[in-house]
K.L.:
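Before I ask anything, let me first share the structure, which is written out below as structure tokens.
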Amino acid sequence: MTLAAIILVLVTLQRVGELVLARYNSGRLLARGATEIAAGHYPLLVAVHTAWLISLWAWGRDQPVNLIALGVFIILQGLRFWVLVTLGARWTTRIIVPSEPLISAGPYRYFAHPNYAVVVAEIAVLPLALHLPLVALIFTILNAVVLGVRVRAETRGLASARQRSSRSVP
């Protein structure tokens with residue numbers, strides 16, 4: 001098994017594990033009164049990420065690995081972990097507006113959407129680590145389209161939640 005294939009196995013297992021965690025967290029959030037918004041874009045998001053991973057397997061599994069780009073990808077995994085730990089039970093792959101106050105700790109002190117920043121970088125860097133610049137370009141563009149829809153919807157939903165919580169405070 002090549003180093004590239006080992007990396008792809010690990011990334012695939014990570015993504016599947018994250019989907020399981022996201023589904024669990026989503027159910028718990030919704031049961032506590034959170035609401036999902038803009039669910040219509042979710043199948044497109046899943047399709048883009050699935051196609052990205054399939055393309056990496058199809059064209060990258062036997063490629064030599066650029067160790068510098070791999071190092072950047074590993075750093076991104078540390079940032080991804082920081083986001084997941086900071087959000088805890090609120091981390092999900094869907095846009096779910098919580099019924100509780102928003103998180104403003106960890107990376108959320110510095111960025112409005114740190115998880116999206118990590119994903120944008122990952123989608124570009126991992127294909128580059130496998131010498132697939134065209135895959136990096138195509139999926140960076142596709143992801144930007146999906147994120148454009150997603151960030152606008154999430155920003156509106158979170159602003160609405162902030163307004164509701166500020167009106168309920170005496």
Side-chain angles (χ1 to χ4, degrees), residues 1-27 29 36-88 90-96 106-108 110-158:
M1 186 177 266
T2 66
L3 177 57
I6 292 168
I7 292 164
L8 291 175
V9 165
L10 292 173
V11 170
T12 301
L13 290 173
Q14 176 191 30
R15 294 307 199 259
V16 169
E18 287 176 356
L19 286 174
V20 170
L21 176 62
R23 185 179 185 130
Y24 176 76
N25 286 346
S26 295
L29 286 166
E36 182 175 4
I37 58 172
H41 88 289
Y42 191 70
L44 180 60
L45 175 82
V46 170
V48 167
H49 285 259
T50 302
W52 173 75
L53 199 51
I54 289 169
S55 70
L56 293 175
W57 273 104
W59 293 296
R61 71 180 177 275
D62 294 324
Q63 292 286 352
V65 176
N66 177 317
L67 295 179
I68 294 171
L70 178 60
V72 171
F73 186 77
I74 290 168
I75 291 167
L76 290 169
Q77 298 320 290
L79 296 173
R80 172 185 279 281
F81 183 72
W82 189 23
V83 168
L84 267 71
V85 167
T86 299
L87 289 177
R90 291 191 188 184
W91 183 84
T92 182
T93 55
R94 295 183 175 272
I95 303 174
I96 298 184
Y108 291 86
Y110 310 108
F111 298 103
H113 300 285
N115 192 61
Y116 300 156
V118 169
V119 170
V120 165
E122 287 175 335
I123 284 179
V125 170
L126 188 54
L128 294 176
L130 301 176
H131 301 278
L132 300 170
L134 188 57
V135 170
L137 177 64
I138 290 167
F139 284 96
T140 295
I141 292 167
L142 291 173
N143 188 54
V145 170
V146 174
L147 277 182
V149 171
R150 187 174 178 92
V151 169
R152 279 192 301 275
E154 186 170 331
T155 301
R156 281 193 308 269
L158 294 176

K.L.:
Give, for atom CG of Leu137 and atom CG of Leu128, the distance between the pair rounded to the nearest 0.5 Å.
P.N.:
10.0 Å

K.L.:
For side-chain contact (heavy atoms from CB on, under 4.5 Å), just list the numbers for Leu126 and Ile7, CA-CA rounded to whole Å, side-chain angles, deciding distance to a tenth of an Å, and then say yes or no.
P.N.:
CA-CA 9 Å; Leu126 188 54; Ile7 292 164; 3.9 Å; yes

K.L.:
Donor-acceptor pair, distance only, cut-off 3.5 Å: does the side chain of Asn25 make one with the backbone of Trp91?
P.N.:
yes

K.L.:
Closest approach of Ala124 and Ala136, non-hydrogen atoms and distance?
P.N.:
O-CB, 3.5 Å

K.L.:
Rounded to the nearest 0.5 Å, what separates atom CZ in Arg156 from atom CD1 in Ile37?
P.N.:
7.5 Å

K.L.:
Side chains of Ser26 and Glu36: does their closest heavy-atom pair fall under 4.5 Å?
P.N.:
no

K.L.:
Rounded at 0.5 Å granularity, tell me how far CD1 in Ile54 sits from CH2 in Trp59.
P.N.:
10.0 Å

K.L.:
State, to 0.1 Å, how close Ala153 and Ala38 come at their nearest heavy-atom pair, and which atoms those are.
P.N.:
CB-CB, 3.5 Å

K.L.:
Could you report the tightest heavy-atom contact between Gln14 and Gln77, atom names first, then the distance?
P.N.:
NE2-OE1, 2.8 Å

K.L.:
When you compare the side chain of Leu130 with that of Leu8, does any pair of heavy atoms fall below 4.5 Å?
P.N.:
yes

K.L.:
Using the side-chain contact (heavy atoms from CB on, under 4.5 Å) rule, take Leu84 and Leu21 through it: C-alpha gap first, then chi angles, then the decisive distance, then the call.
P.N.:
CA-CA 10 Å; Leu84 267 71; Leu21 176 62; 4.2 Å; yes

K.L.:
With respect to Leu76, which candidate in Val119, Val125, Val120 satisfies the side-chain contact (heavy atoms from CB on, under 4.5 Å) definition?
P.N.:
Val125

K.L.:
For the residue pair Tyr108 and Pro114, what are the closest heavy atoms and their distance?
P.N.:
CE2-CD, 3.3 Å

K.L.:
If we check side-chain contact (heavy atoms from CB on, under 4.5 Å) with Pro107, which of these qualifies: Val118, Val85, Leu79, Thr86?
P.N.:
Thr86

K.L.:
Output the distance between atom OH (Tyr24) and atom CG (Leu29), rounded to the nearest 0.5 Å.
P.N.:
10.5 Å

K.L.:
Just by modelled atom types, is the Trp52 backbone N or O under 3.5 Å from a matching donor or acceptor in the Ser55 side chain?
P.N.:
yes

K.L.:
Taking salt bridge (charged side-chain N to carboxylate O under 4.0 Å, His left out) as the test, write out the residues that go with Arg15, two or more places apart.
P.N.:
Glu122

K.L.:
Nearest 0.5 angstrom please: Arg150 CZ to Thr155 OG1, how far?
P.N.:
11.0 Å

K.L.:
Which residues satisfy the salt bridge (charged side-chain N to carboxylate O under 4.0 Å, His left out) test with Glu154, sequence neighbours excluded?
P.N.:
none

K.L.:
Specify the closest pair of heavy atoms between Pro43 and Ala39, including all atoms of both residues, with the distance to one decimal.
P.N.:
CD-O, 3.6 Å

K.L.:
Taking C-beta and beyond as the side chain, do Tyr42 and Thr93 meet within less than 4.5 Å on heavy atoms?
P.N.:
yes

K.L.:
Counting neighbours of CD1 on Ile68 that are heavy atoms of other residues, nucleotides or ligands and sit closer than 6.0 Å, is the number greater than 12?
P.N.:
no

K.L.:
Assign the ring pair His113 / Tyr116 to parallel, tilted or perpendicular, where the plane angle (0 to 90°) is split at 30° and 60°.
P.N.:
parallel

K.L.:
Could you check whether any side-chain N or O of Arg61 sits under 3.5 Å from a backbone N or O of Trp57, counting only pairs where one atom can act as donor and the other as acceptor?
P.N.:
yes

K.L.:
Side chains of Val135 and Leu56: closer than 4.5 Å at any heavy-atom pair?
P.N.:
yes

K.L.:
Would you say that His41 contacts Ile95 through its side chain, given a criterion of any heavy-atom pair below 4.5 Å between the two side chains?
P.N.:
yes

K.L.:
Please round to the nearest 0.5 Å and tell me the distance separating atom CG of Leu147 and atom CG of Leu142.
P.N.:
11.0 Å

K.L.:
Heavy atoms, side chains only, cut-off 4.5 Å: are Asn143 and His49 in contact?
P.N.:
yes

